[in-house]
Amino acid sequence: MRNRALVAYGVVIGLGLGSLMIAAVSTDRRLAFTLGVTPAKPVVTLARGGTVCQSPVDVAAGFSRILLYPGTFRRPGPPLGVRVLEQARAPLAAGRLAGGYADNAKQVVTVGNVGAGRSIAVCVRNLGSRPVALYGDGAGRGAPLHARVRGRSIGADLSIEFLRRRSISTLDVLPTMLARASRFRAGWFGPWTLWLVAVAVLLVVPASIAMAVRGSGSAGEG
C-alpha cells in the first residue's frame, strides 16, 4: 500500500511539473505593458481634428502596436491617427486606424517598433468628421500621468495597452523575470541562484521521489 501511495504521489507531482512546463512554453503573451488604467468611462471626446496626448509613459518593454478603447456614439467610428513621441516631441512611430469600426470595441493600431527604456507621449488625433470618445479613468493612481488636450490636463488618464509584434511564451521572458526578482534579494542572491532553484524543482524533486519509491520497494522486498 505504501508503495502504491508513493507511486501515486510521484505521478501527481510529475503531471503537475509537466503541466507547468507546457504552460511556460505555450502561454501567449502579446501584452508588453499597460498603464494600469481601466476603460471605466469616456474621459475625453475629440471633435474633428482634436488631439489628446497621454504622457509621460515609461516604456517598460518594447512594443509595436497600441490598443485603445474608443466610443463612437452608436455610429461607425472615424479614422484615428496615433503618434508616439519622445518627451522632446521627436516622432518615434505612427499608425492609423481606418474608419468604420464598431462602437465601444477595443481597437489595435500598428505604429512600428518602439524600444524599451524610453519616456514617450502617445497622441491620438481624430482624422474624421464625426466625434469620437476615448475611454479611461480618473487620475489619482499615484503615477504622474495625465492626458492632455492642447496642453491642458483633462484630469484623467486614457486606457492604453502596449502590445508586442509577436506572441512570446513565459519561457521567453523567464531570464528577465529572474533578473528582476534578484534585485529584491541580498547581494549574493543573483539570477544564477534562481536558475538553480528552478532546475532543482524541475529535476531534483522528481528524481528524489523516484529514489524514495525505489527505496521503499527494496525495503518491502526485504
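- The hydrophobic cluster of Phe73 has no other members, since no ILVMFWY side-chain heavy atom comes under 4.5 Å of it.
- Shortest non-hydrogen contact noted between Ser64 and Asn113 is CB-OD1, 3.2 Å.
- Atom CG in Leu85 sits 6.5 Å away from atom SG in Cys53 (nearest 0.5 Å).
- Among residue pairs with one or both ends in residues 69-82, those qualifying as side chain to side chain donor-acceptor pair (under 3.5 Å) are Tyr69-Glu161, Thr72-Asp103; sequence neighbours excluded.
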Test side chain to side chain contact (heavy atoms under 4.5 Å, CB included) on Val37 and Leu158; report intermediate values, then the result.
CA-CA 7 Å; Val37 180; Leu158 302 180; over 6 Å; no
Checking side chain to side chain contact (heavy atoms under 4.5 Å, CB included) for the pair Val57/Phe33: CA distance, chi angles, key distance, verdict?
CA-CA 11 Å; Val57 176; Phe33 68 99; 3.9 Å; yes
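- A pairwise comparison of heavy atoms in Arg30 and Arg65 identifies NH1-NH2, 3.8 Å as the closest pair.
- For the pair Arg96 and Pro79, the tightest heavy-atom approach, listed with the atom from each and the gap, is NH2-CB, 3.5 Å.
- Counting only residues at least two apart or in different chains, salt bridge (charged side-chain N to carboxylate O under 4.0 Å, His left out) contacts with residues 105-124 comprise Glu86-Arg118.
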Could you walk me through whether Leu80 and Val109 pass side chain to side chain contact (heavy atoms under 4.5 Å, CB included), step by step?
CA-CA 9 Å; Leu80 300 178; Val109 183; over 6 Å; no
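- Residue Gly62 comes nearest to Ala116 through the heavy atom pair N-CB, 3.8 Å, listed as atom of the first residue, atom of the second, then distance.
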Can you list the steps and then say if Leu92 with Ile120 is a side chain to side chain contact (heavy atoms under 4.5 Å, CB included)?
CA-CA 9 Å; Leu92 286 176; Ile120 62 171; 3.8 Å; yes
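- Nearest heavy-atom pair, Asp58 versus Ser119, reported as atom, atom and distance to 0.1 Å: OD1-OG, 3.6 Å.
- By the 4.5 Å heavy-atom criterion applied to side chains, Leu163 and Phe63 are not counted as neighbours.
- Here the side chains of Pro78 and Tyr101 are in contact, with some heavy-atom distance below 4.5 Å.
- Judged as a salt bridge (charged side-chain N to carboxylate O under 4.0 Å, His left out), not a single pair has a partner in residues 32-46 (not counting sequence neighbours).
- In this structure, Ile160 CD1 and Thr34 OG1 are separated by 8.5 Å, a value rounded to the nearest 0.5 Å.
- Shown here for Ser153 and Arg148, the closest heavy-atom pair between the two residues is N-NH1, 3.5 Å.
- With sequence neighbours left out, the side-chain hydrogen bond (donor to acceptor under 3.5 Å, both in side chains) criterion links Thr38 to Asp137.
- Under the 4.5 Å side-chain contact rule for hydrophobic residues, Leu31 and Val84 do not share a cluster.
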Return a table of donor-acceptor pairs under 3.5 angstrom between the side chains of residues 121-135 and protein atoms on other chains or two or more places apart.
| residue | atom | partner | partner atom | Å |
| --- | --- | --- | --- | --- |
| Arg125 | NH1 | Gly49 | O | 3.0 |
| Arg125 | NH1 | Thr51 | OG1 | 3.1 |
| Asn126 | OD1 | Gly128 | N | 2.9 |
| Asn126 | ND2 | Leu46 | O | 3.0 |
| Asn126 | ND2 | Ala47 | O | 3.3 |
| Asn126 | ND2 | Arg130 | O | 2.8 |
| Arg130 | NE | Pro76 | O | 3.1 |
| Arg130 | NH2 | Pro76 | O | 2.8 |
| Tyr135 | OH | Asn104 | OD1 | 2.9 |

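- Hydrophobic clustering, with ILVMFWY side chains joined whenever heavy atoms are under 4.5 angstrom apart, groups Phe162 together with Val59.
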